[in-house]
Amino acid sequence: MGTAINLVTGLPGPRSKEILARKAKVVCDPLDIHVPAVIDHGVGAVVTDVDGNTLIDFSGGLGCQLVGYSHPKVVEAVQRQAAMVSHTDFSVIPYEVYVRLAERLVELTGIGDGKVALFNAGAEAVENAVKFARAATGRPAVLCFEGGFHGRTLLTMSLTSRHHPYKHGFGPFAPEVYRLPYADPYRSPDPARAAADTLRAIDRAFTTVVDPSSVACAVVEPIQGEGGFVVPPAEFLQGLKRLCERHRILVVADEVQTGVGRTGRFLASDHFGFEPDIVVLAKALAAGYPLSAVVARSEIMDAPGPSAIGGTYVGNPVACSAALAVLDVIDQEGLLERSQQIGKAVRARWEQLEGDVDEVGDIRGIGAMIGVEFVTDRGTKEPNEAYLGALISGTIQRGLVTVPCGIYHNVLRHLIPLVITDQPLDEALDVLTEAALAARGAPAVGGPSGHEGDGE
C-alpha cells in the first residue's frame, strides 16, 4: 500500500523558493509563511505543492476543510451555481439558495423560531451577533473571556484575549468590553472546583467590574480554539447561562472553530447541555468559501431596523451552494461519527507517547478537536513553547502540516479533515510520533511561528 506523503525535493522545493521570493517583494511582511511550500492542489487530507511534494494536512485550512480539499460534491455545487449566478446582493435581488441554507441551519442548530443572517467571515458574524444583541436588549456592554479569540476587526480584536500577535500596537480598542475568567481545569489550582470558582468570580464581577443591567451579551467559545483547545466543565457553561439569564444577558456561542461537526456533534455546545441564545458559525461551514452565519430566535434577529444588517457580499450564492453541499457530505458520509473515530485514534497515540515524552502536560478535547499542551515540568506546568516549535518544524520537514495554538504558544491542535481514511491517518500519526521523539533532543528554536490565529 502506498503512502500519502511523498517528498521529492525537500521543503521548500525550487519552484516554491522562486514563488516565495516573489512573494517577499510584493506581499506585506506580516503575512508570514508557516509551511515553506506553495500549494498547487489538494484532495481530501492531502496537499500537493508546486514541486510535486505531497503532504498530509493536519491544519485543514485552519479548520475550514472539514470535508477535505476539493470534495467532488462541493466542487460540483460551486460549478453549477457559478454558471447560474455568481453574485448579486441578496437584499437587492434575493436568491433561493440563501433561504435553503437558512432553513437547514435553523434545523441543525435546534433553535426554536430561529432565523439566520449570513456574512463573509467569523469575525464579521461575531460583530453582527453583538449588534443583534444590542438591538434586542437596548444595552451597550459586552462580556468576553480570558483566552478567547474572536477575530481581527476592531470589535472582535477587542474581544480577543491575547495581545501578541493580535492586538499589540493596534489600540485603542472598542469600549464597553469586559473580560472575565474562563474555566480551565488543567490550569486551575483545583480542577474539581474550576467551574464553581470561575462562576463565583463572574458573579462577583457583576458587583465589582460591570453593572449587569448594562450588558447586552456574553460572547463565549464552548471550547476555546486559539486559546488552546480548552475544554471547560459542563457546569461552567450551564452556570454561565443561568447567571446571564438572571440578568437578562444574551449568550453568544462562538462556534466558528468548534461548529459544523468538528467535535462529533453539529454544535460543540450540545456536548455540554448548553443552550446559547445566539450561535455563530463559519470556517468549515462552506469548505473555505467565505461564509459565516448568525442564528438566533426571531425576536433577536428581527430587532435591528430595516437595512441595519447586511453587506454587499454577505451570503454569496456560490458560498451558500458550497455550504449546502458540505452539510450533505457530513450527513451522507457519516462525518459526525468519523469525528469520534479520528479523535479516539489521535488521543490514543498521544496517550502512548506521554510515557516517553515528558513534555506532554495535558491531552484534551472532544471528537476530532484534540489539543496537546506541552510543559517543561508536569508539576509546575510551565509552558514549553520551544518544544512545540521543534515538534512542528519536525513534522513539516517530514511532510505533515501541523499548527499551534494556546495563550502560551504551547498547544498542538489537530484540525484534521474528517474525510481522512485510516491509512493516511496512521501514516500521519507515525510521523507525529517520530517528530515528537526527535524534538526532545532538538535545540530550542524559539517556538512556533505566529500562525495560531486567523481572521475568524
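Owing to the predicted nature of the structure, the values given are computational and were not obtained by experimental measurement.
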With a 3.5 Å cut-off and no angle check, do the side chains of [X] and [Y] form a donor-acceptor pair?
X: Glu146; Y: Ser161; answer: no
X: Asp89; Y: Ser91; answer: yes
X: Glu127; Y: Thr153; answer: yes
X: Ser298; Y: Asp113; answer: yes
X: Ser213; Y: Arg139; answer: no

[X] side chain to [Y] main-chain N or O, any donor-acceptor pair under 3.5 Å?
X: Ser393; Y: Gly389; value: no
X: Ser59; Y: Val401; value: no
X: Arg162; Y: Gly406; value: yes
X: Thr156; Y: Ala123; value: no
X: Arg347; Y: Gly365; value: yes
X: Tyr313; Y: Phe119; value: no
X: Glu221; Y: Ala253; value: no
X: Ser158; Y: Leu154; value: yes
X: Arg152; Y: Tyr166; value: no
X: Asp277; Y: Val251; value: yes

Which heavy-atom pair separates [X] from [Y] by the least distance, and what is that distance?
X: Asn120; Y: Ser292; value: N-OG, 3.5 Å
X: Tyr69; Y: Gly60; value: OH-C, 4.4 Å
X: Phe274; Y: Pro276; value: O-CD, 3.3 Å
X: Phe58; Y: Ala428; value: CZ-CB, 3.4 Å
X: Val419; Y: Gly68; value: CG2-CA, 3.7 Å
X: Phe173; Y: Lys167; value: CZ-O, 3.5 Å

> So Phe236 and Tyr182, would you call those rings parallel, tilted or perpendicular, with 30° and 60° as cut-offs?
Replying inline: perpendicular
> Mind checking whether His414 and Trp350 have parallel, tilted or perpendicular rings, split at 30° and 60°?
Replying inline: perpendicular
To the nearest 0.5 Å, what is the distance between [atom1] on [X] and [atom2] on [Y]?
X: Leu250; Y: Cys244; atom1: CG; atom2: SG; value: 8.5 Å
X: Ile407; Y: His164; atom1: CD1; atom2: NE2; value: 14.0 Å
X: Ile223; Y: Met369; atom1: CD1; atom2: CE; value: 5.0 Å
X: Asp254; Y: Leu159; atom1: CG; atom2: CG; value: 9.0 Å
X: His34; Y: Ile392; atom1: NE2; atom2: CD1; value: 5.0 Å
X: Gln238; Y: Leu199; atom1: CD; atom2: CG; value: 10.0 Å

If the threshold is 4.0 Å, N to carboxylate O, is there a salt bridge linking [X] and [Y]?
X: Arg246; Y: Asp203; value: yes
X: Glu333; Y: Arg338; value: no
X: Lys241; Y: Glu245; value: yes
X: Asp356; Y: Arg440; value: no

Enclosure of [X] [atom1] (heavy-atom neighbours >12, cutoff 6.0 Å):
X: Tyr289; atom1: OH; result: no
X: Glu275; atom1: CD; result: no
X: His87; atom1: NE2; result: yes
X: Lys344; atom1: NZ; result: no
X: Gln332; atom1: CD; result: yes
X: Arg378; atom1: CZ; result: yes

Student check: side-chain heavy atoms of [X] and [Y] closer than 4.5 Å:
X: Ile330; Y: Leu66; value: yes
X: Val230; Y: Phe145; value: no
X: Pro36; Y: Ile396; value: yes
X: Arg364; Y: Ile370; value: no
X: Thr88; Y: Tyr95; value: yes
X: Val279; Y: Ser269; value: no
X: Arg100; Y: Leu324; value: yes
X: Leu118; Y: Cys320; value: yes

>> Apply side-chain contact (heavy atoms from CB on, under 4.5 Å) to residues Arg349 and Thr433 and explain how you reach the verdict.
In response: CA-CA 8 Å; Arg349 182 62 63 97; Thr433 298; 3.0 Å; yes
>> Here's a test for you: under side-chain contact (heavy atoms from CB on, under 4.5 Å), which of Leu418, Asp328, Val326 qualifies with Val67?
In response: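 It is Val326; the other options fail the test.
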> In a check of side chain to side chain donor-acceptor pair (under 3.5 Å) between Gln257 and each of Gln224, Lys283, Glu226, Arg262, which one passes?
Replying inline: Glu226
> Taking it one step at a time, do Val360 and Phe374 satisfy side-chain contact (heavy atoms from CB on, under 4.5 Å)?
Replying inline: CA-CA 5 Å; Val360 175; Phe374 299 102; 3.9 Å; yes
>> Test side-chain contact (heavy atoms from CB on, under 4.5 Å) on Val126 and His150; report intermediate values, then the result.
In response: CA-CA 7 Å; Val126 170; His150 303 287; 4.2 Å; yes
> Could you go step by step and tell me if Glu373 and Asn410 meet the side-chain hydrogen bond (donor to acceptor under 3.5 Å, both in side chains) rule?
Replying inline: CA-CA 6 Å; Glu373 181 162 355; Asn410 70 321; 3.2 Å; yes
> For Val256 and Val280, what are the C-alpha separation, side-chain angles and deciding distance, and is it a side-chain contact (heavy atoms from CB on, under 4.5 Å)?
Replying inline: CA-CA 6 Å; Val256 168; Val280 176; 3.8 Å; yes
> For Thr402 and Thr395, what are the C-alpha separation, side-chain angles and deciding distance, and is it a side-chain hydrogen bond (donor to acceptor under 3.5 Å, both in side chains)?
Replying inline: CA-CA 7 Å; Thr402 56; Thr395 65; 2.7 Å; yes
